[in-house]
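Nothing here was measured: the structure is a model prediction, and the numbers come from that model. Nothing fancy with the numbering, it's 1 onward along the sequence. Worth knowing before you read on, the calculation uses all heavy atoms, side chains too, and leaves out hydrogens, waters and symmetry mates.
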Amino acid sequence: MNEIGMGTLMQAVRYHEFGEVDVLHLEHIPVPQPQAGEVLIRVYAAGVLPVDWKIRRGLFPMPVQFPVIPGTAFSGVVVGLGEGVSKWQIGESVFGRSTKGTYAEYTTAPEDVIARKPASITHEEAATLSGGATTAWRAIVSEGNVQPRERVLIHGAAGGVGLFAVQFAKGIGAEVIGTAGTANVAYVKSLGADQVIDYTAERFEEIVRDVDLVLDTVGGETLARTWSVLKPGGRLVSIAGQPPMEKAKQAGIQVIRPGVATSGDLKAIAELIEAGKLTINIEMSFALADVRQAHEKSQTGHGRGRVVLRVRD
């Protein structure tokens, strides 16, 4: 069952080669058709993740088939059902992840990797969850296995992953330490962090010791300086680079690379939102036609929350 006829055109952002933001173009292409087990979604908002522009610039080690529609995070409404779909009905508002590109008016996704959008939040807010809240959930809860009274250090605590990680760890009952720039110190405290270190004025490794788990969303020099703060047997969750595994082995540190979120993760996050236990922050929202500015904003880093594309008002 499909509300959208085959051959109908949609607007989508695509690029045909690696490069800077000028390779991004708004084009008219056919609406995709849902395959067996998939739903067709009218996209209302798409999350702009750092990985999106890293792939566009050819910096991410993954095979790419041109032309590419960027984006994986979305929120929207089900408008078509592929063969065998039984969990969803046309007209339901959902959020989640698609590997088919989400900077477009329509996308498809397997019925098992989406969840019902909480009624209490907008589509723009829901588009921040996949790759933001879901990555934080895997890092802190599903795979990080944070326990009450453990010490957790979160680098980039005001960012699109960090802001959720602070709240998840605090909700478990951990002692939460965050790093952030001067402008975001008070904001990270408002999320529940017990201690916030202004990385422009202080060096975290001179202040923090005996940490059970570090979530690194920054990488580079920050990651290199992190080893000394972890206690023997501690866990390092890195989403911004691959730590040297031999060094981790020598230090007795467990390195965790968060996997892809499940529908169960999405539902658990949605329940926290419905219960009023999760704060969402959109740093900046752009129209789909302004995708180049959205990528430029994401590339600056040091933000507060997620950058979002408004696909449909």
Would a distance-only check, ignoring hydrogens and angles, find a side-chain to backbone donor-acceptor pair under 3.5 Å from Lys247 to Ala251?
no

With a sphere of 6.0 Å drawn around NZ of Lys54, does it hold more than 12 non-hydrogen atoms of other residues, nucleotides or ligands?
yes

Should Gln11 and His28 count as side-chain neighbours, where that means a heavy-atom distance under 4.5 Å?
yes

Could you check if a side-chain atom of Ile239 sits within less than 4.5 angstrom of a side-chain atom of Pro258, using non-hydrogen atoms only?
yes

Is a side-chain donor or acceptor of Arg292 paired with a backbone partner of Asp22 at a separation under 3.5 angstrom?
yes

List the atom of Val23, the atom of Phe18, and the distance in Å for their closest heavy-atom pair.
CG1-O, 4.1 Å

NZ/NE/NH1/NH2 to OD/OE distance under 4.0 Å, Arg312 and Glu105
no

Before giving the answer on side chain to side chain contact (heavy atoms under 4.5 Å, CB included), spell out for Met10 and Ile29 the whole-Å C-alpha distance, their side-chain angles and the decisive distance to 0.1 Å.
CA-CA 6 Å; Met10 68 173 183; Ile29 62 173; 3.8 Å; yes

With distance as the sole criterion, is a donor-acceptor pair present between the side chains of Glu283 and Asn281 under 3.5 Å?
no

Partners meeting ring pair (Phe, Tyr, Trp, His ring centres under 6.0 Å) with Phe286 (sequence neighbours left out)
none

If you compare all heavy atoms of Arg151 against all heavy atoms of Val208, which two are closest, and at what distance to 0.1 Å?
NH2-CG1, 3.8 Å

Begin from the C-alpha positions of Ile177 and Ile197 and carry the test side chain to side chain contact (heavy atoms under 4.5 Å, CB included) through to its verdict.
CA-CA 8 Å; Ile177 306 156; Ile197 298 169; 4.0 Å; yes

Side chain of Thr226, backbone of Thr222: donor and acceptor closer than 3.5 Å?
yes

So, using ring pair (Phe, Tyr, Trp, His ring centres under 6.0 Å) as the criterion, who are the partners of Tyr106 when residues are at least two apart?
none

In short, Leu215 meets Ala165 closest at the heavy-atom pair CD2-CB, 3.4 Å

Enter the distance from Thr102:OG1 to Asp52:CG here, rounded to the nearest 0.5 Å.
7.0 Å

With rounding to the nearest 0.5 Å, note down the distance linking CZ in Arg225 to NE2 in His155.
7.5 Å

For Val79, does its backbone N or O pair with a side-chain atom of Arg42 as donor and acceptor, under 3.5 Å?
no

Can a donor-acceptor pair be found between the side chains of Thr200 and Thr182 at a distance below 3.5 Å?
yes

Within a strict 4.5 Å, meaning less than it, do heavy atoms of the Leu278 and Ile269 side chains meet?
yes

With no hydrogens and no angle check, is any side-chain donor or acceptor of Glu143 less than 3.5 Å from a backbone partner on Gly259?
yes

Cluster check Trp227, Val237: I/L/V/M/F/W/Y, side chain < 4.5 angstrom:
no

Show your reasoning for whether side chain to side chain contact (heavy atoms under 4.5 Å, CB included) applies to Leu129 and Ile280.
CA-CA 8 Å; Leu129 299 175; Ile280 297 171; 4.1 Å; yes

Taking every non-hydrogen atom, the tightest pair across Val308 and Ala45
CG1-CB, 4.1 Å

Indicate whether any N or O donor in one side chain lies under 3.5 Å from an N or O acceptor in the other, for Ser130 and Arg97.
no

Backbone N or O of Ser86 within a donor-acceptor pair of the Glu111 side chain at under 3.5 Å?
yes

Please report the interatomic distance NZ(Lys189) to CG(Asp194), rounded to the nearest 0.5 Å.
11.0 Å

Can you confirm whether Leu266 sits close enough to Arg116 that some side-chain heavy atom of one is under 4.5 Å from a side-chain heavy atom of the other?
no

Is Val48 close to Lys297 at the side-chain level, that is, under 4.5 Å between some pair of heavy atoms?
no

Is the closest side-chain heavy-atom distance between Pro32 and Leu40 below 4.5 Å?
yes

Are Met245 and Lys249 close enough, and set up right, to give a side chain to side chain contact (heavy atoms under 4.5 Å, CB included), and what steps lead you there?
CA-CA 6 Å; Met245 298 305 293; Lys249 184 177 179 180; over 6 Å; no

Mind checking whether Phe164 and Phe168 have parallel, tilted or perpendicular rings, split at 30° and 60°?
parallel

Tell me if a side-chain donor or acceptor on Ser298 pairs with a main-chain N or O of Ala294 at a distance below 3.5 Å.
no

Applying ring pair (Phe, Tyr, Trp, His ring centres under 6.0 Å) to His295 and Tyr103, what does each step give before you reach the verdict?
CA-CA 12 Å; His295 268 220; Tyr103 294 14; 5.7 Å; yes

Give a yes or no on whether Ile256 and Val166 share a hydrophobic cluster (residues Ile, Leu, Val, Met, Phe, Trp, Tyr; joining criterion: side-chain heavy atoms under 4.5 Å apart).
yes

Is Leu153 linked to Tyr199 within one hydrophobic cluster, defined over Ile, Leu, Val, Met, Phe, Trp and Tyr using a side-chain heavy-atom separation of less than 4.5 Å?
no

Could you tell me whether the side chain of Thr107 and the main chain of Gly101 form a donor-acceptor pair under 3.5 Å?
yes

Look only at the side chain of Arg56 and the backbone of Gly19, and say whether a donor-acceptor pair between them is shorter than 3.5 Å.
yes

Show me the donor-acceptor pairs, under 3.5 Å and distance only, between side chains in residues 59-78 and residues at least two apart or in other chains.
{"unit_1": "Ser75", "atom_1": "OG", "unit_2": "Val94", "atom_2": "O", "d": "3.4"}
{"unit_1": "Ser75", "atom_1": "OG", "unit_2": "His123", "atom_2": "ND1", "d": "2.7"}

Salt-bridge criterion met for Arg57 and Glu20 (N-O under 4.0 Å):
yes

Minimal heavy-atom distance between Ile253 and Gly233, with the atoms involved, is CD1-N, 4.4 Å

Counting N and O atoms only, with roles assigned by atom type, does the side chain of Gln35 sit under 3.5 Å from a partner on the main chain of Gln33, one being a donor and the other an acceptor?
yes

Between atom CZ of Arg14 and atom CG of Leu24, what is the distance when rounded to the nearest 0.5 Å?
12.5 Å

Hydrophobic clustering (ILVMFWY, side-chain heavy atoms < 4.5 Å, transitive) - are Val211 and Val152 grouped together?
no

Here the gap from Asn145 atom CG to Leu213 atom CG, rounded to the nearest 0.5 Å, amounts to 9.5 Å

ILVMFWY network linking Leu236 to Val176, side-chain heavy atoms under 4.5 angstrom
no

Going by heavy atoms in the side chains, are Leu272 and Trp137 under 4.5 Å from each other?
yes

What is the distance from atom CD1 of Ile41 to atom CD1 of Ile114, rounded to the nearest 0.5 Å?
4.5 Å

Does NZ or CZ of Arg304 fall inside the cone over Tyr187's six-membered ring, less than 6.0 Å from its centre and within 45° of the axis?
yes

Over all atoms of both residues, closest heavy-atom pair of Val43 and Ala104:
CB-O, 3.2 Å

Can you confirm whether the side chains of Ser228 and Glu205 place a donor and an acceptor under 3.5 Å from each other?
no

Would you mind reporting whether Val85 and Glu38 have side-chain heavy atoms less than 4.5 Å apart?
no

Should the pair Arg138-Asp265 be classified as a salt bridge under the 4.0 Å nitrogen-to-oxygen rule?
yes

